[in-house]
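Only one structure is covered here, and it is reproduced in the block below.
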Amino acid sequence: MRRLRTELAGALLSVLALSLITTACGGSSDAASSPAVAQTADRVEPLDSTPEPRLPVIVRSADGRKVTVPQAERIVPLSGSLSEIVFTLGLGDRVVARDVTATFEQAAGLPVVTRGHDVSAESVLSLRPDLVVAESTTGPDEAMDQIRAAGVPVLVVEGATGLDDVGPRIEAVAEALGVPSAGEELTRRTEERVAAVAESVPAQKAKPRVAFLYLRGSASVYLIGGKGSGATSLIEAAGAVDAGAESGLEKDFTAITSEALVDAAPDALLVMSKGLESVGGVDGLVKIPGIAQTPAGMDRRIVSVEDGVLLNYGPRTDQVLASVVEQLHGEGGAR
């Protein structure tokens, strides 16, 4: 299961751009019509003022180690999500390399030295970093140990599983960079924006049931999310019910079966855009056994969000939530 979660986390971070798309009845509409996603596509929005790091600091890493950070002039974040946090804190000019998943505009010109789950210690060390920031699923362990053995501080940040993780992840990175006040400011800004979107959800007699599906057609992987999939809090904030979790699926992900889908009875399906593409779009999705027999399959109600931002739970989560809300409750959406 840990290996599966690691592979899923890697796939969730495989993103080419911040492109939030809607797919319903085989067509699409521009998610940018929602105010919260009307910002310039695939750019992060740094804080108004650039903070000045106060270092050195000693911080507790998610792997249990105490990490001393003497300076942070050359930072290498090992995921797109962590890069997004560093840039949004206003310290993007200190980032000297990027993971392949950091594709937002401000980071696009940086050299790609690694993939989050296939770290090349040699590539990382060639950039002479004075701080590496990693996810709890970053690996392999041998590569991370090699970076530490070279004397480079490595901060491990706990992976995100829900909306409650937004603040702790931002603040963990900010503390290690010596800008805790900026972390508090960014956390406050992000949480306020997410709350504003959640409050915009229209009143309804019955909440739609939404099932989160993980799809990789090329590998014949078709999974439905249950408790711990990471999607529950997002679905609930969008004014819906996580159909998989509510139907009693205890595992993070379970292979899609007709029985599981009947029990979940989703009104809409939440998918990652590349996953949807991998099964041949909506036409291919409804051919997966059991999908066509659900209310969502019969009505072709699909909520599609780009892979790498759907479950990032970071500074742009309000934009993701706004897209989900629009697709669920806007014209033609699930009701």
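If you're wondering where the values come from, they're calculated on a predicted model, not measured in any experiment.
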Over 12 foreign heavy atoms within 6.0 Å of CG, D164
no
Side chains of Q327 and S323: is there a donor and an acceptor less than 3.5 Å apart?
yes
Do R169 and S81 pair up side chain to side chain, a donor and an acceptor below 3.5 Å, judged on atom types alone?
yes
Hey, is [X] close enough to [Y] for a salt bridge, meaning N to O under 4.0 Å?
| X | Y | value |
| --- | --- | --- |
| R216 | D307 | yes |
| K207 | D242 | no |
| D130 | R94 | no |
| R193 | E45 | yes |

Among V221, L223, I224, L213, which residue satisfies the side-chain contact (heavy atoms from CB on, under 4.5 Å) criterion with F253?
L223
Does the side-chain contact (heavy atoms from CB on, under 4.5 Å) test come out yes or no for I291 and L261, once each step is laid out?
CA-CA 7 Å; I291 296 289; L261 290 169; 3.8 Å; yes
Between V241 and I302, is there shared hydrophobic-cluster membership here, with clusters defined by ILVMFWY side-chain heavy atoms closer than 4.5 Å?
no
Check against side-chain contact (heavy atoms from CB on, under 4.5 Å), L321 and L234:
CA-CA 7 Å; L321 179 58; L234 184 69; 4.0 Å; yes
Less than 4.5 Å apart, any side-chain heavy atom of K227 and any of D252?
no
After noting the C-alpha distance and the side-chain angles of D283 and R300, does the key distance pass the salt bridge (Lys or Arg N to Asp or Glu O under 4.0 Å) rule?
CA-CA 9 Å; D283 289 339; R300 299 167 68 93; 2.7 Å; yes
Applying side-chain contact (heavy atoms from CB on, under 4.5 Å) to V133 and V156, what does each step give before you reach the verdict?
CA-CA 6 Å; V133 188; V156 177; over 6 Å; no
Starting from the C-alpha separation in whole Å, work towards a yes-or-no answer on salt bridge (Lys or Arg N to Asp or Glu O under 4.0 Å) for R148 and D141.
CA-CA 11 Å; R148 292 187 183 95; D141 292 341; over 6 Å; no
